[in-house]
Amino acid sequence: MRKLLCLLACLLLTSCALLPIEESRPPVISAAESTPESSFEASSVSETEISLPADISLESFPEESSEEVSREEENALPVHELQTAVEAKSAFLYDSSLNVVFAKGDLNGKIYPASITKLYTAYVALQYLTPDQVLTAGEELSFVGKGSTIAYIVRGHRLTAEMLVQGMMLPSGNDAAYVLAAGAGRAILEDENASATDAVAAFMSAVNDHALADGLTGTHFSVPDGYHRDDHYTTMGDLLKIALLVTENETITRYTGMLSARVTYHSGETNNWTNTNRLLDPASKYYRENAVGLKTGHTAQSGYCLLAAEKRGDRLVITGVFGCQTVDGRFADTVTLLESLI
């Protein structure tokens, strides 16, 4: 019996030694099988069962948030209270050499820009139209509000985009603004036969898109000419940004600084246009030799307004006065602000 038991033990040891070596190794796991997603899906632990160590927070790291704030503060212009006395309800003075703004009133408070709107209308329209592109005045002229300042454009007149900008900057033509807006709107829609309603709507939508892209966070424009509407507004801070944009545009500043001109439309009609900005008129007591514009404005709700700019070599001075009671008041206040800087 003892010999039989020994024989059986030997046979058992021999059979174990003959097994393939691979079977005794752990199974090989491919890269695809070892991904975190596969491991998590195989897990039965829910999110509520996962806890974080006490020293780990899900909130943003303090160094990231503080860096973001510091960048915003770094890019913002310093704003100081305007010490110069003016009659305007609100006003600002910007000096590029100091890179600082002096303000009376809230720089970010809502104001109605009236015809100063036309500066940004021209700026955005020229993103879609070439200056020499010819536009034909049409049904959009019916949108011009009662009592508007006009450039005396009628249906069928054909003018270049640049001439329409001139008609907006000199006589402050609301008619020119609508013809330009409709032309740019049709270019946006890529449809020369689009109705005036659709074309102007497309353009105003583009204006507000550009406003956001240009950092005009307190601005919403609903008409191209600035004729009063409650949903058409901006801020002094945004108008300063617009001024800085348009002073870099040669097509626009060519006409913001022009006193008068006799013009001939592409369709052959002639007209005489005179700028409403008395800073440009040598015969005016408000004349400023280095003035480059920019734009007057007036509605019952906005009062008399003026966004002005003056070049002093490489130095740019920009002023804005809003809510003045008289035509002369806006020019007197502007001259006072310009003369307050040596």
Side-chain angles (χ1 to χ4, degrees), residues 65-114 116-117 119-120 123 210-219 233-250 252-253 256-257 277-280 286-297 302-324 329-342:
S65 59
S66 62
E67 181 180 356
E68 183 178 349
V69 171
S70 65
R71 284 175 182 171
E72 291 179 359
E73 291 176 350
E74 181 180 349
N75 294 331
L77 287 174
V79 181
H80 301 285
E81 184 178 352
L82 183 65
Q83 300 298 321
T84 306
V86 291
E87 295 182 5
K89 289 183 179 180
S90 53
F92 75 82
L93 169 65
Y94 166 78
D95 183 353
S96 67
S97 65
L98 300 174
N99 201 34
V100 67
V101 184
F102 301 92
K104 174 184 178 180
D106 183 2
L107 203 64
N108 298 314
K110 184 170 76 173
I111 61 173
Y112 298 117
I116 296 174
T117 300
L119 289 170
Y120 201 61
Y123 179 80
H210 278 272
L212 289 176
D214 289 333
L216 310 180
T217 56
T219 293
Y233 54 84
T234 187
T235 68
M236 289 195 294
D238 284 358
L239 287 178
L240 172 57
K241 294 176 184 177
I242 290 174
L244 291 170
L245 286 172
V246 301
T247 50
E248 295 296 322
N249 187 298
E250 293 182 2
I252 298 175
T253 54
T256 59
N277 188 351
R278 296 182 186 177
L279 300 182
L280 305 172
Y286 305 114
Y287 175 65
R288 302 290 298 181
E289 182 179 1
N290 297 319
V292 293
L294 291 167
K295 189 71 191 72
T296 59
S302 69
Y304 290 94
C305 311
L306 176 60
L307 186 64
E310 188 171 273
K311 279 287 186 78
R312 302 179 182 180
D314 294 333
R315 184 184 185 188
L316 179 65
V317 179
I318 299 173
T319 64
V321 293
F322 309 93
C324 297
R330 62 185 172 187
F331 298 116
D333 278 353
T334 298
V335 170
T336 298
L337 292 175
L338 291 172
E339 291 184 345
S340 68
L341 289 177
I342 300 175

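Sequence positions, counted from 1, serve as the residue numbers for this chain. Computed over heavy atoms, backbone and side chain alike; hydrogens, waters and symmetry mates excluded.
- Ring pair Phe322/Phe92 is parallel by interplanar angle, where below 30° counts as parallel and above 60° as perpendicular.
- With a 4.5 Å cut-off on side-chain heavy atoms, Glu87 and Thr336 do not count as touching.
- Of all non-hydrogen atoms in Arg315 and Leu341, the two that sit nearest each other are NH2-CB, 4.0 Å.
- Separating the CG atom in Leu245 from the OH atom in Tyr120 is a distance of 6.5 Å, to the nearest 0.5 Å.
- Looking at every heavy atom in both residues, Cys324 comes nearest to Asp333 through SG-OD2, 3.7 Å.
- Side-chain contact, Tyr123 with Asp214: no donor N or O sits under 3.5 Å from an acceptor N or O.
- Residues passing the side-chain contact (heavy atoms from CB on, under 4.5 Å) test with Ser340, sequence neighbours excluded: Thr84, Leu93.
- A search for side-chain hydrogen bond (donor to acceptor under 3.5 Å, both in side chains) contacts involving Asn99 returns Tyr94, not counting sequence neighbours.
- For Arg288, the side-chain hydrogen bond (donor to acceptor under 3.5 Å, both in side chains) partners are Glu310, Glu339, not counting sequence neighbours.
- Residue pairs meeting the side chain to side chain donor-acceptor pair (under 3.5 Å) criterion with at least one member in residues 234-248, sequence neighbours excluded: Thr219-Thr234, Thr219-Asp238.
- Annotation: side chain of Val321 is not in contact with side chain of Phe331 (no heavy-atom distance under 4.5 Å).
- The heavy-atom pair separating Leu316 from Ser96 by the smallest distance is N-OG, 2.7 Å.
- Put simply, the residue from Leu239, Thr256, Ile242, Ile252 that forms a side-chain contact (heavy atoms from CB on, under 4.5 Å) with Leu294 is Thr256.
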>> Go through it in stages, so that I can follow the logic: the residues are Leu337 and Leu82, the test is side chain to side chain contact (heavy atoms under 4.5 Å, CB included), and I'd like the CA-CA distance, side-chain angles, deciding distance and then a yes or no.
In response: CA-CA 9 Å; Leu337 292 175; Leu82 183 65; 3.7 Å; yes
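- Closest approach of Val292 and Lys311 over heavy atoms only: CG1-CG, 4.0 Å.
- Thr334 is linked by a side-chain hydrogen bond (donor to acceptor under 3.5 Å, both in side chains) to nothing, counting only residues two or more places apart in sequence or in another chain.
- Summarising the geometry of Ala243 relative to Leu307, their closest heavy-atom pair is CB-CD2, 4.0 Å, with the distance given to 0.1 Å.
- Between Val246 and Lys295, every side-chain heavy-atom pair lies at or beyond the 4.5 Å cut-off.
- The side-chain heavy atoms of Ile111 and Lys89, taken from C-beta on, include no pair separated by under 4.5 Å.
- Pairing each heavy atom of Leu306 with each of Arg330, the nearest pair is CD2-O, 4.0 Å.
- The OH atom of Tyr304 sits 11.0 Å away from the OG1 atom of Thr296 when rounded to the nearest 0.5 Å.
- Remark: Thr217 pairs with no residue by the side-chain hydrogen bond (donor to acceptor under 3.5 Å, both in side chains) rule, at least two apart or across chains.
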